[in-house]
Amino acid sequence: AKVVVEVPFAERGRPHVYRAWTEAGADGRFEVVVPLPTGFARPSLRSAFAALVRSGGGREVSVAIPEDAVRRGLAVEVP
């Protein structure tokens, strides 16, 4: 199934959405690399408190992506 991950963010007050997608394996596992964590707050860049994950037209799930996971390339569990 196709998996879509979206991280809403604002850059200098302008809204954007970082969107990435991939295909889940037969076991349901997938890998997507995102360039910014959720809950990131700097004067010119702020991201939403959660990323939105959708798979195969199913329901949307909110997931927090910690800064440490982005910097170190760690896995984040998606319920």
Side-chain angles (χ1 to χ4, degrees):
K2 182 178 180 179
V3 178
V4 179
V5 178
E6 296 180 341
V7 181
F9 69 98
E11 170 262 333
R12 298 184 189 270
R14 294 183 302 238
H16 305 280
V17 175
Y18 176 83
R19 184 175 294 116
W21 56 91
T22 190
E23 294 289 325
D27 62 357
R29 301 184 109 188
F30 64 92
E31 181 177 320
V32 172
V33 177
V34 296
L36 73 160
T38 56
F40 189 77
R42 298 293 186 273
S44 63
L45 183 66
R46 294 181 179 275
S47 62
F49 289 105
L52 306 173
V53 180
R54 286 189 312 278
S55 176
R59 67 181 178 90
E60 198 169 74
V61 177
S62 296
V63 177
I65 303 173
E67 184 173 354
D68 190 49
V70 173
R71 290 186 182 274
R72 296 178 52 207
L74 302 175
V76 175
E77 289 287 323
V78 177

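Predicted model only: the values in this text are computed from it and were never measured. Start at 1 with the first residue, then count along the sequence.
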Evaluate Val70 against Phe40 for side-chain contact (heavy atoms from CB on, under 4.5 Å), listing each step before the verdict.
CA-CA 11 Å; Val70 173; Phe40 189 77; over 6 Å; no

Supply the atom-to-atom distance Lys2 NZ to Ser55 OG, rounded to the nearest 0.5 angstrom.
11.0 Å

Ser47 OG to Tyr18 OH distance, which is reported to the nearest 0.5 Å:
13.5 Å

Would a single hydrophobic cluster contain both Val61 and Val7, if residues Ile, Leu, Val, Met, Phe, Trp and Tyr are joined by side-chain heavy-atom contacts under 4.5 Å?
yes

Any donor and acceptor pair, going by atom type alone, linking the side chain of Ser62 with main-chain N or O of Leu52 inside 3.5 Å?
no

Check whether any side-chain N or O of Thr38 sits under 3.5 Å from a backbone N or O of Ala51 as a donor-acceptor pair, and report yes or no.
no

In the structure I gave you, are the side-chain heavy atoms of Glu31 and Thr22 within less than 4.5 Å of one another anywhere?
no

Locate the shortest heavy-atom distance separating [X] from [Y]; write the atom from each residue and the value.
X     : Y     : answer
Arg19 : Val4  : CG-CG1, 3.9 Å
Pro66 : Pro37 : C-CB, 3.7 Å
Arg46 : Arg42 : CG-O, 3.8 Å

Counting heavy atoms not belonging to Phe49, are there more than 12 under 6.0 Å from its CZ?
no

Quick one: salt bridge (Lys or Arg N to Asp or Glu O under 4.0 Å) partners of Arg72, sequence neighbours excluded?
Asp68

Step by step, work out the side-chain contact (heavy atoms from CB on, under 4.5 Å) result for Val3 and Val53.
CA-CA 7 Å; Val3 178; Val53 180; 4.0 Å; yes

Not counting sequence neighbours, which residues clear ring pair (Phe, Tyr, Trp, His ring centres under 6.0 Å) with Phe9? List them please.
His16

